[in-house]
There are 2 protein chains.
Amino acid sequence: MATIEDVAKEAKVSVATVSRVLNNKKAVKEETCKRVYRAIDKLSFEPNMSARNLRRNETRVILIVTPNITNPYYAHILAGIGDCAQEAGYSALIHNTSGNEKRVKAGLDMLKKKRADGAILFASNMDSMWIKEYADEYPIVLCSEYPAKGHVPRVSIDNYKAAQDVMEYIIGMGHIRIATISSSNKYISTALRLRAYKESLLWHNIEVHEDYIVYADADYSFMSGKEAATKILKQKNRPTAIFCISDTIALGAITAAKELGIDVPSGLSVIGFDDVDDTTMFHPYITTIAQPCYDLGRQAFRILYNCMNDGKADEVTVLPHKFIIRESSGSI
Amino acid sequence: MATIEDVAKEAKVSVATVSRVLNNKKAVKEETCKRVYRAIDKLSFEPNMSARNLRRNETRVILIVTPNITNPYYAHILAGIGDCAQEAGYSALIHNTSGNEKRVKAGLDMLKKKRADGAILFASNMDSMWIKEYADEYPIVLCSEYPAKGHVPRVSIDNYKAAQDVMEYIIGMGHIRIATISSSNKYISTALRLRAYKESLLWHNIEVHEDYIVYADADYSFMSGKEAATKILKQKNRPTAIFCISDTIALGAITAAKELGIDVPSGLSVIGFDDVDDTTMFHPYITTIAQPCYDLGRQAFRILYNCMNDGKADEVTVLPHKFIIRESSGSI
DNA sequence: GTGAAAGCGCTAACAC
DNA sequence: GTGTTAGCGCTTTCAC
């Protein structure tokens, strides 16, 4: 493995000059420059990143802390981060936590160890106030989820507004008996959507019926969605619409309805959220809120980049969602 | 940020001793050891990885080169690699290529730059012989796909045998008119499965009918599967079984059949491959070959680990697949 | 059992 | 425009 010194010797210049060429400093004569490049090619030299990082005190690596890459929602965001990072000359270190808070902290310790310059965190709980401490010391950006208090740079959609859009639509279609399938996790998105559900109902003078609020798995599984929907639909005074916290849950709800002999949408409207799972593979295509996942990822990186370089440390970006009406919903 | 020197001062020992403690070298008196630990805690010191890496000439980072994290098949393998790597004290750098060969090479240059100690490659084409050159110089493991010639350490299932299992089953169920939806990519898995399709037919004295071989997208999209199946099913002498190269394609084929009024499985048997996509969300549940994705990932890391440490450089691991008969197939 | 010191490969301040 | 040199923070001989 050739070093900068080998290149210097080969090109008959000093290491400083090679370094200058490597870093595109202008103060090098064209002629010298060429000689250096020739030497670099000949030895097929590549700068040693550990040495450069040590000297520069940076790594050009960002850390992504995620509970589960297997989740397509995260995967799409990751794609956005990855592309954007690559364009900016950064690499992405993936740290899987399986939702374990200790492993989240272990991941963030990589910042201390200088394994990465900054981090993007997925899936933080509403009550994870300790994140603030890390964020005060290192560049950290929260993606989609964030603690209820304490300003940490972040990017997400407006979950309240999105859920409100859904509710306005459902109510506007004449539905009165409206249920929701929420989740037993501790995400702020969950809390916000549920709050919008309740407040929209109240706003329209529709009573909030506790039997109409059911909780699925923390990870939005198809089966738990199906079970939750079954529970809802077996009530004597069953609802005519269900607002689901995710598409997979909505898929489960539609399946449950089918098994109970209820037609969607004529007998039941089902609305999903995210638009990442197979919303348009099978009929009825699902009415849902589309999140700009890829862009969420790009913005997350952009904000992190600013934190790492300018030191701006309190940016909050809210990206627009899109309400897509398809086949699984209709008027009563 | 505290350095090893700060710790040394605080503990009133030399940096060498701190280093010894850090690396669990036994030659340190218990008493001294404790003092050092106390100093480390007090200063909340974490060793600087760039410095350590430079000195040790290693990074404890592995590189994962993938065309697309969004693909659940890769995502599951990635989960296996990630978990296994974390257990062994390694971090995973993800490098997305979007299938672009230049970006694959750019990724592998990170090995030269000492950004990572070794790499796991996904989705290499059958004809990418250049991989061998890299593999001769750096620890590289191929996952699932590999060049047709040249020994590079790798892990995969036996695609030929798996496809053969499927064909034996289909033929055993009495089917004669059997079609296949292959793909227009250059993967060895594709070639092997297609070869097994043809040779199984031949073996049973069934003529290979070119109209029964149709090619879907390189990335196995649902739509291209549906289109391919439609083309197959509109033939006058249409087949009674279709062997699909992926589950998503199989899902497309089932949808196509439904639209043409053909019942699955009574009018048409459909078999998939991979068992990662939604094979059991909707009826008919799909008969398919299950790949041990997570384990593929774990093994890939294990092999890479050996390459990086022992230098064993030609391990080929073949993991068992599982043929799962569900609802989308039956006797004629 | 512990310390002094060399050096991993690079960048950047300073000299010329 | 180019060279000399001092470190970045760590590990690892080699002394003692």
Side-chain angles (χ1 to χ4, degrees), chain A residues 1-40 43-61 89 109-117 309, chain B residues 1-40 43-61 89 109-117 309:
Chain A
M1 196 77 288
T3 73
I4 201 173
E5 213 181 317
D6 300 331
V7 176
K9 268 180 201 150
E10 175 71 29
K12 299 193 195 312
V13 294
S14 72
V15 291
T17 301
V18 179
S19 176
R20 283 186 194 106
V21 173
L22 247 35
N23 295 287
N24 298 313
K25 299 271 201 291
K26 56 256 157 157
V28 182
K29 222 199 310 181
E30 174 127 8
E31 153 68 19
T32 323
C33 214
K34 269 188 192 158
R35 265 211 332 278
V36 172
Y37 276 130
R38 229 171 301 143
I40 289 177
L43 303 176
S44 86
F45 162 85
E46 294 273 357
N48 180 316
M49 285 306 169
S50 297
R52 175 177 283 178
N53 294 343
L54 174 59
R55 185 56 230 237
R56 287 200 189 150
N57 197 29
E58 64 163 24
T59 62
R60 301 266 172 147
V61 168
D109 279 340
M110 296 210 191
L111 297 175
K112 232 189 223 173
K113 291 189 170 72
K114 297 235 164 268
R115 263 234 135 98
D117 297 339
N309 295 297
Chain B
M1 194 78 291
T3 72
I4 200 174
E5 212 181 319
D6 301 331
V7 177
K9 266 179 202 152
E10 175 72 29
K12 298 195 195 313
V13 294
S14 72
V15 291
T17 300
V18 179
S19 176
R20 284 186 193 105
V21 173
L22 246 36
N23 295 288
N24 297 313
K25 298 271 201 290
K26 56 257 158 154
V28 182
K29 225 199 309 181
E30 172 125 9
E31 153 68 18
T32 323
C33 214
K34 269 187 192 157
R35 263 208 338 275
V36 172
Y37 276 130
R38 229 171 300 141
I40 289 177
L43 304 176
S44 86
F45 162 85
E46 294 273 359
N48 180 316
M49 285 306 168
S50 297
R52 174 177 283 179
N53 294 343
L54 174 59
R55 185 56 230 236
R56 288 199 188 152
N57 197 29
E58 63 162 27
T59 62
R60 302 268 173 145
V61 168
D109 280 339
M110 295 208 191
L111 297 175
K112 232 189 221 172
K113 291 188 171 72
K114 298 234 162 270
R115 264 235 135 100
D117 297 339
N309 295 296

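As a basis for the values below, the full set of heavy atoms in this structure was taken, side chains included, without hydrogen atoms, waters or symmetry mates. In the text below, chain A, chain B and the rest are named by the order of the sequence lines, each starting its count at 1.
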For this session: Could you tell me which non-hydrogen atom of A/K112 sits nearest to which non-hydrogen atom of B/S44, and how far apart they are?
Result: NZ-OG, 4.0 Å
Exercise. Does a side-chain N or O from B/S19 land closer than 4.0 Å to OP1 or OP2 of D/dC10, or not?
Worked result: no
Problem set entry | Closest non-hydrogen atom pair, A/V7 against A/V36 | CG1-O, 4.2 Å
Protein N or O to nucleotides 13-16 of chain C N or O, pairs below 3.5 Å:
none

Exercise. Which part of the nucleic acid, if any, lies within contact of A/K114, taking any heavy atom under 4.0 Å across all strands shown: a base, the sugar-phosphate backbone alone, or nothing?
Worked result: nothing
Problem set entry | Within residues 2-14 of chain B: residues closer than 4.0 Å to DNA chain D (heavy atoms) | B/T3, B/I4
Exercise. Residues in salt bridge (Lys or Arg N to Asp or Glu O under 4.0 Å) with B/R60, at least two apart?
Worked result: B/E58
For this session: With side chain to side chain contact (heavy atoms under 4.5 Å, CB included) as the test, would you mind laying out the steps for A/R115 and A/D109 before giving the verdict?
Result: CA-CA 9 Å; A/R115 263 234 135 98; A/D109 279 340; over 6 Å; no
Problem set entry | Check: A/T59/A/N53 side-chain N/O donor and acceptor closer than 3.5 Å | no
For this session: Might you point out which heavy atoms bring A/V28 and A/C33 nearest each other, and give the distance in Å?
Result: CG1-N, 3.9 Å
For this session: Scan residues 27-36 of chain B against DNA chain C and write down, sorted by residue number, each residue with any heavy atom closer than 4.0 Å; if none is found, say none.
Result: B/A27, B/V28, B/K29, B/T32
Exercise. With sequence neighbours left out, what residues match A/K113 under side chain to side chain donor-acceptor pair (under 3.5 Å)?
Worked result: B/E46
Problem set entry | Closest non-hydrogen atom pair between B/R20 and B/A27, with its separation | CD-O, 4.5 Å
Seminar exercise, completed: For A/A51 and B/L54 the tightest heavy-atom approach is CB-CD1, 3.7 Å
Seminar exercise, completed: To the nearest angstrom, the CG-P distance between A/N24 and C/dT11 comes to 11 Å
For this session: Tell me what B/K26 touches on the nucleic acid: a base, only sugar-phosphate, or nothing, going by heavy atoms under 4.0 Å.
Result: nothing
For this session: Take B/L22 and B/R52, measure what side chain to side chain contact (heavy atoms under 4.5 Å, CB included) needs, and give me the verdict at the end.
Result: CA-CA 11 Å; B/L22 246 36; B/R52 174 177 283 179; 4.2 Å; yes
Seminar exercise, completed: Value for CZ (B/R56) from CE (B/M49), rounded to nearest 0.5 Å, stands at 7.5 Å
Exercise. Between C/dT2 and B/K25, is there an OP1 or OP2 to side-chain N/O distance shorter than 4.0 Å?
Worked result: no
For this session: Please check the phosphate of D/dG3 (OP1 and OP2 only) for any side-chain N or O of A/T17 closer than 4.0 Å.
Result: yes
For this session: Ignoring backbone atoms, establish whether B/N23 has a side-chain N or O less than 4.0 Å from OP1 or OP2 of D/dT11.
Result: yes
Exercise. Rounding to a whole Å, what distance do you find between B/K112:NZ and C/dG9:P?
Worked result: 16 Å
Problem set entry | Minimum heavy-atom distance between B/D6 and B/M1, given as atom pair plus value | OD2-O, 4.1 Å
Exercise. Using a heavy-atom distance cut-off of less than 4.0 Å, which residues of residues 51-61 of chain B contact DNA chain C?
Worked result: B/L54, B/R55
For this session: Enter the distance from A/K34:NZ to A/E30:CD here, rounded to the nearest 0.5 Å.
Result: 5.0 Å
